[in-house]
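Every value quoted in this text rests on a predicted model; they were computed, and no experiment measured them.
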There are 2 protein chains.
Amino acid sequence: MRKGPGTNGQGVAGSSRPRPTLRDVALRAGVSAKTVSNVINRTAPVSEETRLRVDRALVELDYVPNLSARGLRNGRSDLIAVALPDLASAYSAEIAHHFITLAGEDGLGVQLEETYGKADREIQLLSRAKAHLVDGLILNPVRLETSAVQRGIVLPPVVLIGEVHQPIADHVWIDNVGASRDIVALLINEGHRRIAAVGATKAESARQRLQGFREAHAAAGLSVRPELEIPCVNWDGGGGYRAVAGFLAEHEPPDAIFCMTDAMAIGAISALAAAGLRVPDDVSIAGYDNVWEARFAHPPLTTVDFDKRRLARLALELLSARIDDTARPIQSVTVPYSIVRRDSIRSRRS
Amino acid sequence: MRKGPGTNGQGVAGSSRPRPTLRDVALRAGVSAKTVSNVINRTAPVSEETRLRVDRALVELDYVPNLSARGLRNGRSDLIAVALPDLASAYSAEIAHHFITLAGEDGLGVQLEETYGKADREIQLLSRAKAHLVDGLILNPVRLETSAVQRGIVLPPVVLIGEVHQPIADHVWIDNVGASRDIVALLINEGHRRIAAVGATKAESARQRLQGFREAHAAAGLSVRPELEIPCVNWDGGGGYRAVAGFLAEHEPPDAIFCMTDAMAIGAISALAAAGLRVPDDVSIAGYDNVWEARFAHPPLTTVDFDKRRLARLALELLSARIDDTARPIQSVTVPYSIVRRDSIRSRRS
DNA sequence: CTGAAAGCGCTTACAG
DNA sequence: CTGAAAGCGCTTACAG
């Protein structure tokens, strides 16, 4: 926490006349502070004449309410925190965008945080939420075991998004296992047999997407060779590139690759190109997330789509409800997904 | 502004015992509130024994300070706002990421906002900053004429980033004209003559990049045909796609295309592919920003690079200095750029 | 419709 | 080293 002089100063660029308070406005308008407050917040009806006098004083003094004071009094800051693993990914950025837009429509500001899946950051953020600077928290934990959200912990109003779920908090997510199963089933159905999965890590999302990958194989009576489950810790373009380049250095190219994010898929396409392999002629590629780049990838990416705006809206609704009533029953909501087929996969059916 | 019950409740998931205050901790430890405050903030030395008693009470009550109260008292919230035109772009996301990370290292939270280049949003944000919920504001205005930051206005501590500059506020930016001139000069130098520019809009960044485009031509003794300055309002993949597709429907393909962002460049490559044109064999492409996708584009994109982390750090330093001293002289800092050459351009020199 | 009092939870002088 | 008082700027009861 930084220290600073308890300044109230805030002035015209350069100068520093002290900021006017409610009392200053009241004095100037010849009314009480309460009346000014009533005018500003429409808390109680104010006579036309008084309102005009107050309005004038408000403008003349360029009054802006002190939200810290209001927050202290009301027990609300009208600010929420949204904590995502990592903003640098297109996926997180899109999610953040929807949260900021939708929260803004409700008059709520969004403090954005990155956790990098680290438990200590999560704990810190929960604290900050408890510290009442924010009214609540949207949290996307990465690993179940290391998540700060565990049974028995004291929680501020919090809604979890993503794959990690604890029955002590509200939750919005997508059926990752089902989505991965479906998109891999599509690859199998198109005649691909030697299918690789890129993105194996300890993250819960990786676990679920890998499970879907395996289930699709099992359902088709196929077995998965372990080397085809390619690890990749960095779920970004560079990670996908290195994972696939490394694989190609030691193995025959697969028929198809299921990348656990579109970002990795784009890196994978690049690695294939570097190895002289064409998509989809030589290798088919499927992604996950349907970020905007997926549509303009070369070739356009087949991927898992879901309504990110809806995800954000649902999470915000749950959070608002939780802020209003900490004792309400825990709720878990699922957002539907769909498979978007584009040119990155071809049929191998003869 | 939302209304809510002035609740102080915040409890174990489900229950709602009131949150302990400094006074509760003091009572339990048998000391004064001031002493507890001293322990927490290390404001004054506290005897070993007292400190242990206070620490125990702190833990037993699971005390978390109320930051609204602290903010009211200190005149600081340790929260800043960062307002970018649009988070959904990879460029903005990367910038936001650096601001959040670096501000976090200084113990500052970041409230992220999107302005969409709208002046009323900018005004609103400046107000919010003045409302003391945030200590200061990093703002990226889009158009000079419509920016809320104008001479004579009362400003909270604010640092401008990007192309729009007003001499009444600190500013960090990149020499857009020079960068654009250099990358277009590279295209000309490689033998390209019919060069298109994609992204003409009323935004200040478009104006400057177009100016660089023209200057490069002028320096080489070339003239620019007006139809080669292709308008594109949406600076994203879709915008670039439509702009180039539309151009190709009515004109011969150019030798090369300078896209004013990498995102548009990626869309442009897609549009060229759809028209049966290869990059760089048929058309060379250059972008701007060096977002991570640029490296994994197909082919990898030649683009303008600059240190986004450094940009963020400089802006944060200026903001901190401004918060500490509203009267200090206005400062403007330039971040250097460089041209990153990748496979998206080829030589046409015979 | 309007006002005077009290207090949200903290920290800064000021005493001891 | 520790405490009692005062106040940051607002809003909620409570009176009139």
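- For B/Lys34, there are no salt bridge (Lys or Arg N to Asp or Glu O under 4.0 Å) partners at least two apart in sequence or on another chain.
- Contact check, A/Ser37 against D/dC10: no side-chain N or O comes under 4.0 Å of OP1 or OP2.
- Position along DNA chain D of the nearest nucleotide to A/Leu72 versus A/Lys34 favours A/Leu72 as the more 5'-ward residue.
- Following rounding to the nearest Å, A/Arg70 (CZ) and D/dG9 (P) show an atom-to-atom distance of 14 Å.
- Between B/Asp170 and B/Pro329, the shortest heavy-atom contact is OD1-O, 4.0 Å.
- We find that A/Glu49 and A/Arg53 are joined by a salt bridge, their nearest charged nitrogen and carboxylate oxygen being less than 4.0 Å apart.
- A heavy atom closer than 4.0 Å to some atom of DNA chain D occurs in B/Ser47, B/Thr50, these being the qualifying members of residues 47-55 of chain B.
- Judged by distance alone, the side chain of A/Ser92 and the main-chain N or O of A/Asp86 form a donor-acceptor pair under 3.5 Å.
- Less than 4.0 Å separates DNA chain C from at least one heavy atom of each of the following residues of residues 25-33 of chain A: A/Val31, A/Ser32.
- The side-chain hydrogen bond (donor to acceptor under 3.5 Å, both in side chains) test applied to B/Ser332 returns no partner, not counting sequence neighbours.
- By the 4.0 Å N-to-carboxylate-O rule, B/Arg28 lies close enough to B/Glu60 to be salt-bridged with it.
- Residue A/Ala312 comes nearest to A/His98 through the heavy atom pair CB-CB, 3.8 Å, listed as atom of the first residue, atom of the second, then distance.
- Taking atom CZ of B/Arg76 as the reference point, atom C1' of C/dC10 lies 17 Å away to the nearest angstrom.
- Every residue meeting the side-chain hydrogen bond (donor to acceptor under 3.5 Å, both in side chains) condition with A/Gln111, not counting sequence neighbours, appears here in chain and number order: A/Glu113.
- A salt bridge is defined here as a Lys NZ or Arg NE, NH1 or NH2 lying under 4.0 Å from an Asp or Glu carboxylate O, and A/Asp55 with A/Arg51 meets this definition.
- Protein atom CD1 of B/Ile40 is 12 Å distant from nucleotide atom P of C/dT12, rounded to whole Å.
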*Please report the C-alpha distance between B/Leu72 and A/Asn66 in whole Å, then the side-chain angles of each, then the deciding distance to 0.1 Å, and finally whether the side chain to side chain contact (heavy atoms under 4.5 Å, CB included) criterion is met.*
CA-CA 8 Å; B/Leu72 174 57; A/Asn66 182 319; 4.2 Å; yes
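- The nearest whole Å value for the distance from the CZ atom in A/Arg23 to the P atom in C/dA4 is 11 Å.
- Of all nucleotides listed (C/dG9, C/dT11, C/dT2), C/dT11 comes nearest to the side chain of B/Asn74.
- Protein atom CG of A/Asn66 is 8 Å distant from nucleotide atom C1' of D/dC8, rounded to whole Å.
- Between A/Arg76 and A/Asp324, at least one side-chain N (NZ, or NE/NH1/NH2) sits under 4.0 Å from a carboxylate O, which counts as a salt bridge.
- In this structure, A/Thr35 reaches the C/dG3 phosphate: one of its side-chain N or O atoms is under 4.0 Å from OP1 or OP2.
- Here the closest heavy-atom approach between residue A/Ala26 and residue A/Ala33 is recorded as CB-N, 3.6 Å.
- Put simply, CG on B/Leu67 is 10 Å from C1' on C/dC10, counting in whole angstrom units.
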*asked:* Dot-bracket for DNA chain C, please. Rules: Watson-Crick or G-U, both distances under 3.5 Å, ( ) within the strand, [ ] when a pair crosses earlier ones, | for another strand, . otherwise.
replied: |||.||||||||.|||
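- In this structure, CG of A/Asn41 is placed 8 Å from P of D/dT12, rounded to the nearest angstrom.
- Rounded to whole angstrom, the span from the CG atom of A/Leu22 across to the C1' atom of D/dG7 amounts to 16 Å.
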